[in-house]
Amino acid sequence: MGNVRTRVAPSPTGDPHVGTAYVALVNYCFARQCGGEFILRIEDTDQARSTAESERIILQTLRWCGLDWDEGPDVGGPHGPYRQSERSEIYREYAAKLLASGDAFKCFCTPARLDEMRVAQRAAGQPSRYDGLCRTYSAQEVARREAAGESYVIRMVVPDEGTCVVEDLRRGPIEFDYKSVDMQVLVKSDGMPTYHLANVVDDHLMKITHVFRGEEWVSSAPKHLLLYRYFGWEPPKLMHLPLLRNPDKSKLSKRKNPTGILFYRAMGYLPEALVNFLALLANAAHEGEDELMDLAAIVRRFRVEHVPIGGPVFDVPKLDWLNARYIRERLDPETFVERVREWGASPDRLARIATLAAPRIERLSDLGSLLAFLFAGRIALRAADFAGKKMNEEQARQALTLALTELDALPVWNAFGIQSAIERVASSLDRKVRDVARPLYVAITGSPTSIPLYDSMELLGRDLCRERLRNALDVLSNQPVPA
RNA sequence: GGCGCCAUCGUCUAUCGGUUAGGACACUGCCCUUUCAAGGCGGAAAGACGGGUUCGAUUCCCGUUGGCGCUACCA
């Protein structure tokens, strides 16, 4: 085997997910154990959803986890650029090759036609798959449509017959009938490649030897293998990792649970504990082995063949236990203080809090009760506190629901944006801001009176605010319904 | 609907045909202790169902059921 190279390729379309850290960890462990390289690549081909802010946070949180990469958009490397949006020329070139070899074709079909086709296929009990209409066009016909300015995408050719065998390092061979594999779009009408083209081209050019990725990619593996074949390249070894689950076994999702790495950081989990916990979900401890282990140990004992294939529940109580062990067994008082400072008492944060709190206290001893909410995770709430002179509990519930949506849509989390979001909530409810503020104060700070709301929310961070808002809605909707 | 993946205590898992089915979290009893934690010692708790194969199946095969993923010009 040559030099082992693995990668993690997050899409900067939102807050970094613990699943991303899980996948990154596995790739990291394998590369480090083999003395190979671990690469970070940003998959930002979705121009509408990708943001620089998201990319920045992803890099920051993966570093916080202690997972450092040898090549990436920030550190460079011999196979860059490591941001797909900067590699358009490369993809264009390879798409042209496929077009020339007849392994891809231009497709002019409208979304309406495609939709109709899929509806019919489903009704007929057939797999959803492009019917190949545009493949039948002559070169002249294609040229005519192009000249007429019709927009098109480039699709890959998929055989109509035969089967594809995907060799998964852990699951063994997985068979797919080509009839059930769609002729995927490779290049969108905006000229950007889709994941399928970009990931194959990049993995090859970046000399990736092993790909550990989420299970959601299993069914598109045949397309990727086909592309490697069309290009005449040797595909990397593949292994699909299980998807982390909610307690109810559904895929871990933001709607049901906090999934952001930032949330766990804001809650005061230590990165070592989080990573250790994720490592246990990849390689469980043997009997008699201590489950508390540092990254070096995690790397040393990592075994591909021990990674489970069933989706494990992200069991927060166990994370709590591990985190508690790190706090009491691994932090001396000095380090403990340092961690507390990093978590919520940085000089900057304290200075900002001082500005907000000083005008509102009479004695320094008022600080404890005034600011406790800034140093807490979830807070205890009572439904009755949400109602004010202008709004009852039901109206408060509506306001909070709306606020949750508006706040989630904010691209950047700061007091200014939060203010505008809440003003939108007020106006869409035809209320004054001060009326909708009350339930928000209660949900966020635990009290109808506190230090300024928008700053408080910025200080608390998006994840904790979302959690408190959700918690508030829970409290409000679990009210006993009068008979 | 189609295609694919998966299936052991509540949760994470061990077992690679023969075990009293083991460990960890959570739960719980007792001990320790100025409280609470922590810690120590115990306890309860599992092979989805139905067929095969086999002297013998949690383990191998098939089916059912269930969960999950994909089914986009998102990744």
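Computation of the quantities below employed the complete heavy-atom set of this structure, encompassing side-chain atoms and omitting hydrogens, waters and symmetry-equivalent molecules.
With hydrogens and angles ignored, the 3.5 Å screen pairs a side-chain donor or acceptor of A/Gln33 with a backbone N or O of A/Arg300. A/Arg155 places a side-chain N or O within donor-acceptor distance of the main-chain N or O of A/Met183, the cut-off being under 3.5 Å. Between the side chain of A/Asp44 and the backbone N or O of A/Arg83, no donor-acceptor pair lies under 3.5 Å. Using a distance-only test at 3.5 Å, with no hydrogens or angles considered, no donor-acceptor pair links the side chain of A/Lys251 to the main chain of A/Gly311.
Going from the C1' atom of B/rU8 to that of B/rA57 covers 14 Å, rounded to whole Å. Look at the C1' atom in both B/rA38 and B/rA21: the space between them is 31 Å, to the nearest Å. When the P atom is compared between B/rG18 and B/rC61, the two are found 16 Å apart, to the nearest whole Å. With C1' as the reference atom, B/rG2 and B/rU59 are 32 Å apart, rounded to whole Å. B/rC49 sits 12 Å from B/rA7 when the C1' atoms are compared, rounded to a whole Å. For the C1' atom pair drawn from B/rU13 and B/rA26, the interatomic distance equals 15 Å after rounding to whole Å.
The CE-P distance, from A/Met239 to B/rC5, rounds to 16 Å in whole Å. Atom-to-atom, CG of A/Leu292 to P of B/rC12 comes out at 21 Å; the value is rounded to the nearest Å. Atom pair A/Leu322:CG and B/rA26:P shows a separation of 10 Å (rounding to whole Å applied). Counting to the nearest Å, the P atom of B/rC25 and the CG atom of A/Leu281 are 15 Å from each other. Between A/His240 atom NE2 and B/rC3 atom C1' there is a gap of 15 Å when expressed in whole angstrom units. Rounded to whole Å, the distance from CZ on A/Arg303 to C1' on B/rC16 is 17 Å. Rounded to an integer number of Å, the gap from A/Leu280 CG to B/rA24 P is 13 Å. If you measure from atom CG of A/Leu244 to atom P of B/rG67, you get 20 Å, rounded to the nearest angstrom.
B/rA24 is paired with B/rU11 under the criterion used here, namely a Watson-Crick or G-U wobble arrangement in which both key atom distances are under 3.5 Å. Nucleotide B/rC36 is matched to nothing when pairs are restricted to Watson-Crick or G-U wobble geometry with both distances under 3.5 angstrom. In this entry B/rC55 has B/rG18 as its Watson-Crick or G-U wobble partner, both defining distances falling under 3.5 Å. Base pairing of B/rC70: its partner is B/rG2, meeting the Watson-Crick or G-U wobble criterion (both donor-acceptor distances under 3.5 Å). Base pairing of B/rG63 is made with B/rC49, judged by Watson-Crick or G-U wobble geometry with both donor-acceptor distances under 3.5 Å.
Of the listed nucleotides (B/rU13, B/rA24, B/rA75), B/rU13 has the atom at the smallest distance from the side chain of A/Ala284. The side chain of A/Tyr195 lies closest to B/rA75, out of B/rC12, B/rA75, B/rU11. The side chain of A/Pro312 lies closest to B/rC12, out of B/rC12, B/rG4, B/rC6.
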Short N/O separations, protein against nucleotides 68-71 of chain B, under 3.5 angstrom:
residue, atom, partner, partner atom, Å
B/rC70, O4', A/Ser219, OG, 3.4
B/rC70, O2', A/Ser219, OG, 3.0
B/rU71, O2', A/Ser128, OG, 3.4

Scan nucleotides 18-22 of chain B against the protein and return all N/O pairs shorter than 3.5 Å with their distances rounded to 0.1 Å.
residue, atom, partner, partner atom, Å
B/rG22, O2', A/Glu287, OE1, 2.9
B/rG22, O2', A/Glu287, OE2, 2.3

Show me the protein contacts with nucleotides 32-43 of chain B, counting only N or O atoms at under 3.5 Å.
residue, atom, partner, partner atom, Å
B/rA38, O3', A/Arg328, NH1, 3.4

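Within 3.5 Å, no donor on the side chain of A/Arg171 pairs with an acceptor on the base of B/rC5, nor the reverse. Residue side chain A/Ser189 reaches the base of B/rC73 through a donor-acceptor N/O pair under 3.5 Å, judged by distance alone.
Contact annotation: A/Lys318 side-chain N/O to B/rU13 OP1/OP2 distance is not under 4.0 Å. Dashed line: the shortest gap from a side-chain N or O of A/Thr194 to OP1 or OP2 of B/rC74 is not under 4.0 Å.
From A/Glu167, atom CD reaches atom CG of A/Leu238 across 10.0 Å, with rounding to the nearest 0.5 Å. Between atom CZ of residue A/Phe314 and atom CG of residue A/Leu244 there is a gap of 6.5 Å, rounded to the nearest 0.5 Å.
Counting only residues at least two apart or on different chains, the ring-ring contact (aromatic ring centres under 6.0 Å, His included) pairs with a member in residues 38-89 of chain A are A/Tyr28-A/Phe38.
Applying the salt bridge (charged side-chain N to carboxylate O under 4.0 Å, His left out) rule to A/Glu37 yields the partners A/Arg5; only residues at least two apart in sequence or on another chain are considered.
You'll find the ring centres of A/His210 and A/Phe30 inside the 6.0 Å limit.
Looking at heavy-atom distances under 4.0 Å, A/Val185 makes contact with sugar-phosphate atoms alone, never a base. At the heavy-atom level, A/Glu175 lies under 4.0 Å from the strands shown only through sugar-phosphate atoms. Residue contacts shown for A/Pro308 are limited to sugar-phosphate atoms, with no base heavy atom under 4.0 Å away.
Each of A/His196 and A/His306 lies near RNA chain B, and the nucleotide nearest A/His306 is the one positioned closer to the 5' end. Comparing A/Pro193 and A/Pro242 by the nucleotide of RNA chain B that holds the closest heavy atom to each, the one mapping nearer the 5' end is A/Pro242.
The side-chain contact (heavy atoms from CB on, under 4.5 Å) with A/Arg7 is formed by just one residue from the set A/Thr209, A/Asn199, A/Asp202, A/Leu40; it is A/Asn199.
The residues A/Glu116 and A/Arg113 are annotated as not salt-bridged, no charged nitrogen and carboxylate oxygen being separated by less than 4.0 angstrom.
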Tabulate below the donor-acceptor pairs under 3.5 Å that side-chain atoms of residues 275-298 of chain A make, not counting sequence neighbours, or state none.
residue, atom, partner, partner atom, Å
A/Asn276, OD1, A/Met293, N, 2.8
A/Asn276, OD1, A/Tyr326, OH, 2.7
A/Asn276, ND2, A/Glu291, O, 3.0
A/Asn283, OD1, A/Arg303, N, 2.6
A/Asn283, ND2, A/Arg303, O, 3.1
A/His286, ND1, A/Glu289, OE1, 3.2
A/Glu289, OE1, A/His286, N, 2.8
A/Glu289, OE1, A/Arg301, NH2, 2.9
A/Glu289, OE2, A/Arg301, NE, 2.8
A/Asp290, OD1, A/Leu292, N, 3.0
A/Asp290, OD1, A/Arg325, NH1, 3.0
A/Asp290, OD1, A/Arg325, NH2, 3.4
A/Asp290, OD2, A/Arg325, NH2, 3.3
A/Glu291, OE1, A/Lys318, NZ, 3.2
A/Glu291, OE2, A/Lys318, NZ, 2.9
A/Asp294, OD1, A/Ala296, N, 3.3
A/Asp294, OD1, A/Ala297, N, 2.9

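Between A/Asp46 and A/Tyr195, the side chains place no donor N or O within less than 3.5 Å of an acceptor N or O (distance only, hydrogens not considered). There is no side-chain donor-acceptor pair under 3.5 Å between A/Asp408 and A/Thr405.
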